[in-house]
Protein chains: 2
Amino acid sequence: MFEKLFSKGGLTLERLRGFMSMAEAGSIARAAPDDANRQSQISRQIRELEEFFDVELTRRKGRTLSLSPAGARLASLIREQLQDLEDFRRDQRGLPKSFTIGAGASVLEWLVVPALPRLAELLGGATLLIQPMRSRSLAEAVSEGRADFAILRRDAIPAAKSVLPLVKLGFVICIPERLIPQGVSDRQASHPSFWRDLPFAAGRDGGQLDLAIRAAMADAGVDYRPRFECGSILQARQLVDMGECAAVLPALGLRGMDRKRIRVLPFAPMKGYGRGLVLHWNERQTRRRAVDASTIQAMARSLVLTVREPGP
Amino acid sequence: MFEKLFSKGGLTLERLRGFMSMAEAGSIARAAPDDANRQSQISRQIRELEEFFDVELTRRKGRTLSLSPAGARLASLIREQLQDLEDFRRDQRGLPKSFTIGAGASVLEWLVVPALPRLAELLGGATLLIQPMRSRSLAEAVSEGRADFAILRRDAIPAAKSVLPLVKLGFVICIPERLIPQGVSDRQASHPSFWRDLPFAAGRDGGQLDLAIRAAMADAGVDYRPRFECGSILQARQLVDMGECAAVLPALGLRGMDRKRIRVLPFAPMKGYGRGLVLHWNERQTRRRAVDASTIQAMARSLVLTVREPGP
DNA sequence: TTCAAACATGACTTTTGAGTCATGTATCCT
DNA sequence: AGGATACATGACTCAAAAGTCATGTTTGAA
């Protein structure tokens, strides 16, 4: 049946793996950082596979490589196959499967991480690998099978399939009461002119979310110069909790916030910004890896609950 | 990601292939007939895989081997993987895919073979491999992915999924006019007592079909001692065409029969016997190998037409 | 135009696993 | 009991592929 695959030699798992690692990393150099030997080896292994299949798997693009259509297909094929073999191996040893979940950094922090134990349980005690990513590449990662699941904005997914709605991404402005003079109403505090003199904390992770907040502030005519520029929005929130700063946060990030000490108001300038967050998955993967629809639904439910439940 | 698969060595495509060939053949000896070297090699390759995965893949059963559950799973995994690699290879060379169709010997002869050119066309010019099999093992072959399609009796399939009805399997008795005295009506000729002195031709291929005919004759009180016992029912039909013998044939087998010279009557004793023939396929395979539902429907339709159309 | 990064290649050595052969052991059949 | 069948194993040889190192080519950027 498969004589042609073996009759002339040249096809080995090592070679397939070498090619795949380049395909996943996007370049040979990134597939084997600081290892010139391995790099030259991968380069050669790719050539050997190209000879075997008699097809161009990569194309030079600038001084790095990109995948040809055939290469992209072969790469995702190999990923599936190695994944299946790995699942088999782990199963036989009684080890749990391992799933990859991708999301933007802030969603990971606030939505995914708190839900991780429950998600792992739903997936049969699986090992979970969380992968921070920009939403653009998330949809791609799912469709290529590099991630089993992703949590991202609905509008970042081309097709409307394999999607379950989670929560609406809204934004609030959080101001510690101690920064608000006596007698200032919610209405007054919601007005941009009131924000002018507040000390703000902002995330500066270069993510879309952070950029959107800055843009919205500019639109509202506020000269937004945060006193603290934190590495992540999670850190900004800590400053809010400490009563030191105000901050614009995604509504997701309110778990455990003390409403007596912190006034939480809708952040009008970004009213139209947030689309719904969804749980997205790769149908082909979940089917192959025996994750059934009810499990995925339960995962979505537990992600929704995570937001609603009071924090620890 | 897949370090564990490669860090200690021991996993190679050759070994996986060796194991799979044993799994498909049912024993090492049958996987490599008359090749003691290859046999010892396969035996060793299986052991090496067992060491790698740290699991028993085979069990001794008498003096031959059978698969453990893990072995069965691994074998079907490997088959899929090699199949995908082979599909990829052929695609890149512009070669057609190759599909396996299983059916009982008589169904193959009368239903499948005449439809083959059209089926191949529907499957994108695919190479078709036809595989004669008893119906019991057919359903199994499909579910294990050893066959992509099968044509078999509906009741031979456990689940009712991935099935399209084709034709009802009915039986007729065919009697050359020259063996029928003047003035004998259809009604008279349909009566078992009339058959007593006819020279019959029978297939004796040991298939269920042949056995069922013999049992039905016995039930009808006919001392059924065919004059000719042919190797296949197709040969029996030739004798009917020649005007030498009468025979009980499946209604499928009437294509091109000259109704002026041969009287064709329903064979009452087997009225309840025939269940519907269906086209059955492996959903997982067809999905993976990109055969869409409409193609399968078209295949079923063309198989039905094959029976209805006049023969060449 | 010069440099460094990213990949390619030639010319090896080393390791692994495929392939061969002789022989051993359990099981079935007669 | 005796022989044949089916698989297992030890002890090799040989080929293929992995791994190493030096060096070459192309390309982007300073």
Worksheet item: In residues 64-74 of chain B, which ones come under 4.0 Å of DNA chain D, going by heavy atoms?
Response: B/Thr64, B/Leu65
Discussion item. Let's see if you get this right: which residues in residues 5-27 of chain B place a heavy atom under 4.0 Å from DNA chain D?
Written reply: B/Ser27
Item to complete: For C/dG19, take OP1 and OP2 only and decide whether either is under 4.0 Å from a side-chain N or O of B/Gln41.
Response: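 Answer yes for this pair, as a side-chain N or O of B/Gln41 is under 4.0 Å from OP1 or OP2.
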What is the distance, rounded to the nearest whole Å, between atom [atom1] of [X] and atom [atom2] of [N]?
| X | N | atom1 | atom2 | answer |
| --- | --- | --- | --- | --- |
| B/Gln39 | D/dA8 | CD | P | 11 Å |
| B/Phe52 | C/dG17 | CZ | P | 10 Å |
| A/Ile46 | C/dA8 | CD1 | C1' | 11 Å |
| A/Glu48 | C/dA8 | CD | C1' | 12 Å |

Worksheet entry | Spatial distance of atom CG (A/Leu67) from atom CE (A/Met22) [nearest 0.5 Å] | 5.0 Å
Fill in: Partners passing side chain to side chain donor-acceptor pair (under 3.5 Å) against A/Glu144 (at least two apart in sequence or in another chain)
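Applying side chain to side chain donor-acceptor pair (under 3.5 Å) to A/Glu144 gives A/Arg146.
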Worksheet item: Excluding sequence neighbours, so at least two apart, what forms side chain to side chain donor-acceptor pair (under 3.5 Å) with B/Asp54?
Response: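 B/Asp54: no side chain to side chain donor-acceptor pair (under 3.5 Å) contacts found.
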Practice prompt. Just call it for B/Gln45: base, sugar-phosphate, or nothing, with non-hydrogen atoms closer than 4.0 Å on any strand.
Written response: sugar-phosphate
Worksheet item: Partners of B/Lys8 by side chain to side chain contact (heavy atoms under 4.5 Å, CB included), sequence neighbours excluded?
Response: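 Applying side chain to side chain contact (heavy atoms under 4.5 Å, CB included) to B/Lys8 gives A/Arg93, B/Phe52.
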Discussion item. Generate the contact string for nucleotides 21-30 of chain C. Rules: B means base contact, S means sugar-phosphate contact only, - means no protein heavy atom under 4.0 Å.
Written reply: B-----BB--
Discussion item. Any salt bridge linking A/Arg47 with A/Glu50? Criterion: basic side-chain nitrogen under 4.0 Å from a carboxylate oxygen.
Written reply: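 A salt bridge is absent here (no side-chain N lies under 4.0 Å from a carboxylate O).
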Discussion item. Just to verify, what does B/Phe88 make a ring-ring contact (aromatic ring centres under 6.0 Å, His included) with, not counting sequence neighbours?
Written reply: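 Testing B/Phe88 for ring-ring contact (aromatic ring centres under 6.0 Å, His included), a comparison that skips the adjacent residues, returns A/Phe53.
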Worksheet entry | Sequence-distant partners of A/Phe200, ring-ring contact (aromatic ring centres under 6.0 Å, His included), two or more places apart | A/Tyr224
Worksheet item: C/dA8, D/dG19, D/dA8: which one has an atom nearest the side-chain heavy atoms of A/Ile28?
Response: C/dA8
Worksheet item: Which listed nucleotide (D/dA6, D/dT9, D/dA18) is nearest to the side chain of B/Ser43?
Response: D/dT9
Discussion item. Can you pull out every ring pair (Phe, Tyr, Trp, His ring centres under 6.0 Å) where at least one residue sits in residues 16-43 of chain A? Sequence neighbours excluded, please.
Written reply: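 Listed by first then second residue: nothing to list.
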Item to complete: State, with a plain yes or no, whether a side-chain heavy atom of B/Val291 is found less than 4.5 Å away from one of B/Asp148.
Response: no
Worksheet item: At their closest point, which heavy atom of A/Val142 faces which heavy atom of A/Asn282, and how far apart are they?
Response: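 Taking every non-hydrogen atom into account, O-ND2, 2.6 Å.
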Would you be so kind as to tabulate the donor-acceptor pairs closer than 3.5 Å made by side chains of residues 69-78 of chain A, with sequence neighbours excluded?
unit_1, atom_1, unit_2, atom_2, d
A/Arg73, NH1, B/Asp91, OD2, 2.7
A/Ser76, OG, A/Arg73, O, 3.4

Worksheet item: Is NZ or CZ of B/Arg17 both nearer than 6.0 Å to the six-membered ring centre of A/Phe6 and within 45° of the ring axis?
Response: yes
Worksheet item: If we fit an axis to the first five pairs and another to the last five of the helix from C/dT1-D/dA30 to C/dT30-D/dA1, what angle do they make, to the nearest 10°?
Response: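 Taking five pairs per end, the axes differ by 30°.
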Discussion item. Quick test of your reading: applying salt bridge (charged side-chain N to carboxylate O under 4.0 Å, His left out), list the pairs with at least one residue in residues 21-40 of chain A, sequence neighbours left out, ordered by first then second residue.
Written reply: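 Matches after skipping sequence neighbours: A/Glu24-A/Arg79.
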